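Bear in mind that the values here come from a model prediction, so they are computed numbers and not experimental data.
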Amino acid sequence: MAERIYISDAGDHVGQEVSVQGWLYNKRSAGKLWFLLVRDGTGIIQSVVFKGNVNEALFQECEGITQESSVVVTGTVSEDKRSVGGFELQVSDLQVQQLAEEYPITPKEHGTTFLMDHRHLWLRSVKQNAILRIRHEIIRACRDFFDGRGFTLIDAPVFTPNACEGTTTLFETEYFGSKAYLTQSGQLYMESGAMAFGKVYCFGPTFRAEKSKTRRHLTEFWMIEPEVAYMDLDGDMDLAEDFVSHVVQTVLKNKQAELKAIERDTTALERVVKPFPRISYDEAVAILKKNNVEFEDGNDFGGTDETVISEAFDRPVMVHRYPAQIKAFYMKQDPEDESKALCVDVLAPEGYGEIIGGGQREDDLAVLQRKIKEHELPEEAFQWYLDLRRYGTVPHAGFGMGIERVVSWICGLSHLREAIPFPRLMHRLSP
RNA sequence: UCCUCGGUAGCUCAAUCGGCAGAGCGGGUGGCUGUUAACCACUAGGUUGUAGGUUCGAGUCCUACCCGAGGAGCCA
């Protein structure tokens, strides 16, 4: 009985008879030869069926095997430069588990709507496979980073009773006769966690009912949010640049094959090492003015503004101290300039825009109560949050990083929808 | 919500001034001992998003609607 192996390990079995359990990716014929490209999720191996080596019935069967039929191929592993991947299988036996129906995704071009309609099958293709493996590596690097620094994972709830940043972008749902909302951030809960554990983070899905149809938005996306007690804005920026450079360098180290599969030029990624430039909002506005961008001082930056600012630097740039007016109620005001908030956005290079938003939180009870009133938020719903300022309040800070935006940036994707297995967009709820 | 663009074979697209609805891929049949999205020959495949209208004649022009894509705003 031939040993069952994964295609990624084929190089360790040259000269041995092994079997591979997978699916037919593509096939070609040349008279008395069949070239079956078999994939098993770990790779693709060319399996050569020579008429003289197998019985007539098996050779005949090759003709009928359709794309994506599930097959178990047995043969001897050999090294061959003519084969993509360098190894191939000289087939001695082949079993068809199931003869697939006509497969909709052919090796030729398709439009994105069609591919998105078949997302459950599209995941099988080489590029999508590579992207999602990189996503996995990014997530692992994120967790390793915080786990290795003594952070405790504190899971935030998905159902929430109130908004943390306005109500227009919340998904509302019925909850035993009252209303609940799907979370748009775990931050308020992380602040609670930081007061209990010192250093915490959460990682989970968040939801925004923004009616935005752009390549940078999903209605459901994954966010990792650290929060640290006794940390100020500078410490927050130190943490962010350590974090981002660790994630990028880890992917570069461990996922070269996948980056090559998606044809990502990694020279810009190799420059992502600390320190990152830190500029104030006012300095960022000056960059826009210098580049003749029409911009009204005091506004938030748009997508093209962010691109212009980030193009002034060769690595991610941290923009801090935005006008307090355009930021959320929980942001602490800069004691040296009350009109500014102690916040920071990290802008990725190459036009990928904001990947991180965070800052130091307001830790004074009276100020927070006043802000909640000013933002016309229901104070009732925030009593538990205000308790954090009543019982041992301390300076604290944190940030949120959108995983898909980072995947999109590291992979060089043109759209966020390929950065998550099953994207949820304004016009896309299935598959 | 607003702006722009689009909807033709299973898929990707073409169709000149309003004049016979076409190609590649995929499917089917046959051929080939080293193919790399193989190739060669033959073949089947259509209610042109929907509903009206103009016209001798509409994929093409007009009206309304439906669906989608990109962008704006907003954000990670």
Side-chain angles (χ1 to χ4, degrees), chain A residues 25-37 44-53 59 63-64 66-68 78 80-86 88 90 100-118 125-127 164-166 168-170 183-187 205-225 240 244 299-306 322 326-328 344-348 352-358 399-409 414-417 419-420 425-428:
Chain A
Y25 193 69
N26 200 1
K27 69 175 182 187
R28 293 181 274 274
S29 74
K32 297 192 172 67
L33 284 172
W34 276 105
F35 299 99
L36 308 177
L37 294 173
I44 294 177
I45 191 162
Q46 175 162 284
S47 309
V48 185
V49 184
F50 175 46
K51 199 170 185 175
N53 288 353
F59 190 80
E63 172 113 36
T66 49
Q67 192 187 350
E68 287 303 323
S78 66
D80 198 311
K81 282 177 189 158
R82 292 171 297 188
S83 185
V84 176
E88 62 181 28
Q90 304 298 329
E101 295 174 26
E102 194 182 322
Y103 192 65
I105 301 177
T106 68
K108 290 282 179 178
E109 279 179 41
H110 298 283
T112 46
T113 304
F114 177 81
L115 289 169
M116 288 305 306
D117 284 343
H118 296 86
S125 68
V126 172
K127 279 195 179 179
C164 60
E165 312 174 20
T168 53
T169 62
L170 281 167
T183 183
Q184 49 183 188
S185 166
Q187 186 205 310
T206 48
F207 308 86
R208 307 258 169 114
E210 292 159 5
K211 289 185 179 175
S212 40
K213 292 167 59 181
T214 81
R215 64 185 67 200
R216 302 187 313 281
H217 290 88
L218 298 167
T219 55
E220 176 181 325
F221 65 98
W222 286 66
M223 190 150 68
I224 189 155
E225 297 174 274
V244 172
N299 282 0
D300 208 345
F301 302 124
T304 46
D305 300 328
E306 288 179 351
Y322 282 64
I326 58 171
K327 286 292 174 182
V344 60
D345 281 2
V346 179
L347 307 182
Y352 282 92
E354 186 180 351
I355 51 169
I356 280 180
F399 60 80
M401 185 178 86
I403 292 295
E404 288 76 17
R405 286 204 177 161
V406 173
V407 174
S408 181
W409 163 45
S414 58
H415 200 299
L416 225 47
R417 65 187 156 216
I420 184 168
L425 301 149
M426 192 179 157
H427 292 292
R428 166 77 53 190

[atom1] atom, [N] versus [M]: distance in rounded Å?
{"N": "B:U43", "M": "B:G59", "atom1": "P", "value": "27 Å"}
{"N": "B:G27", "M": "B:C74", "atom1": "P", "value": "49 Å"}
{"N": "B:U55", "M": "B:U60", "atom1": "P", "value": "16 Å"}
{"N": "B:G45", "M": "B:A58", "atom1": "P", "value": "24 Å"}
{"N": "B:A23", "M": "B:G46", "atom1": "P", "value": "14 Å"}
{"N": "B:A72", "M": "B:U16", "atom1": "C1'", "value": "36 Å"}
{"N": "B:G28", "M": "B:A69", "atom1": "C1'", "value": "35 Å"}
{"N": "B:G49", "M": "B:C75", "atom1": "C1'", "value": "33 Å"}

Taking only the side-chain heavy atoms of [X] (C-beta and beyond), determine which of [options] contains the nearest atom.
{"X": "A:R208", "options": "B:U33, B:A76, B:U35", "result": "B:A76"}
{"X": "A:F35", "options": "B:A76, B:U12, B:G34", "result": "B:G34"}
{"X": "A:T113", "options": "B:U33, B:C11, B:A69", "result": "B:A69"}
{"X": "A:E102", "options": "B:G27, B:G71, B:A69", "result": "B:G27"}
{"X": "A:R417", "options": "B:G31, B:A69, B:G34", "result": "B:A69"}
{"X": "A:L33", "options": "B:A37, B:G34, B:C11", "result": "B:G34"}
{"X": "A:Q46", "options": "B:C32, B:A76, B:U35", "result": "B:U35"}
{"X": "A:T214", "options": "B:G71, B:A76, B:G34", "result": "B:G71"}

Does any non-hydrogen side-chain atom of [Y] lie less than 4.5 Å from one of [X]?
{"X": "A:S83", "Y": "A:F35", "result": "no"}
{"X": "A:Q187", "Y": "A:F399", "result": "no"}
{"X": "A:T66", "Y": "A:E101", "result": "no"}

Donor-acceptor pair, distance only, cut-off 3.5 Å: does the side chain of [X] make one with the backbone of [Y]?
{"X": "A:T219", "Y": "A:A209", "answer": "no"}
{"X": "A:R216", "Y": "A:R405", "answer": "no"}
{"X": "A:E404", "Y": "A:W222", "answer": "yes"}

Does the base of [N] carry an N or O that pairs as donor and acceptor with the side chain of [X] under 3.5 Å?
{"X": "A:R28", "N": "B:C32", "result": "no"}
{"X": "A:H427", "N": "B:C67", "result": "no"}
{"X": "A:H110", "N": "B:C11", "result": "no"}

Would you kindly give the [atom1]-to-[atom2] distance between [X] and [N], to the nearest whole Å?
{"X": "A:R215", "N": "B:C74", "atom1": "CZ", "atom2": "P", "value": "19 Å"}
{"X": "A:L425", "N": "B:C67", "atom1": "CG", "atom2": "P", "value": "17 Å"}
{"X": "A:L416", "N": "B:C75", "atom1": "CG", "atom2": "P", "value": "17 Å"}
{"X": "A:F50", "N": "B:G34", "atom1": "CZ", "atom2": "P", "value": "10 Å"}
{"X": "A:I105", "N": "B:A37", "atom1": "CD1", "atom2": "C1'", "value": "15 Å"}
{"X": "A:F301", "N": "B:C74", "atom1": "CZ", "atom2": "C1'", "value": "15 Å"}

Regarding [X], tell me which of base, sugar-phosphate or nothing describes its non-hydrogen contacts under 4.0 Å with the strands shown.
{"X": "A:E88", "value": "base"}
{"X": "A:H118", "value": "nothing"}
{"X": "A:L37", "value": "nothing"}
{"X": "A:D80", "value": "base"}
{"X": "A:S29", "value": "base"}
{"X": "A:Y103", "value": "nothing"}

Q.
Show the nearest heavy-atom pair for residues A:I420 and A:E220, with the distance to one decimal.
A.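 In terms of heavy atoms, the two residues are closest at CD1-O, 4.0 Å.
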Q. Which pair of non-hydrogen atoms, one from A:P104 and one from A:F114, has the smallest distance, and what is that distance?
A.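 Shortest heavy-atom separation between A:P104 and A:F114 comes out as O-CZ, 3.6 Å.
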**Q.** A:L37 and its side-chain contact (heavy atoms from CB on, under 4.5 Å) partner, picked from A:R28, A:Q67, A:K27
**A.**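 The side-chain contact (heavy atoms from CB on, under 4.5 Å) with A:L37 is passed solely by A:R28 among A:R28, A:Q67, A:K27.
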Q) On RNA chain B, nearest-nucleotide positions of A:R405 versus A:P104: which is more 5'? A)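 It is A:P104 whose nearest nucleotide is closer to the 5' end.
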Q | Dot-bracket notation for RNA chain B, counting Watson-Crick and G-U pairs under 3.5 Å, with | for partners on another strand | A | (((((((..((((.....[..)))).(((((.......))))).....(((((..]....))))))))))))....
**Q.** Ring centroids of A:F221 and B:A76 base under 5.5 Å with planes under 30°
**A.**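 One would call A:F221 stacked on the B:A76 base.
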Q: Mind checking ring-ring contact (aromatic ring centres under 6.0 Å, His included) for A:Y103 and listing every partner two or more places apart, or none if nothing turns up?
A: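 Scan of A:Y103 (ring-ring contact (aromatic ring centres under 6.0 Å, His included), adjacent residues dropped) gives none.
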**Q.** Conformer about C1'-N of B:C17 - syn within 90° of 0, anti elsewhere
**A.**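 The base of B:C17 is oriented syn (glycosidic angle within 90° of 0).
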Q) Would you say B:A72 has OP1 or OP2 under 4.0 Å from some side-chain N or O of A:R216? A)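 For A:R216, the contact criterion (side-chain N or O under 4.0 Å from OP1 or OP2 of B:A72) is met.
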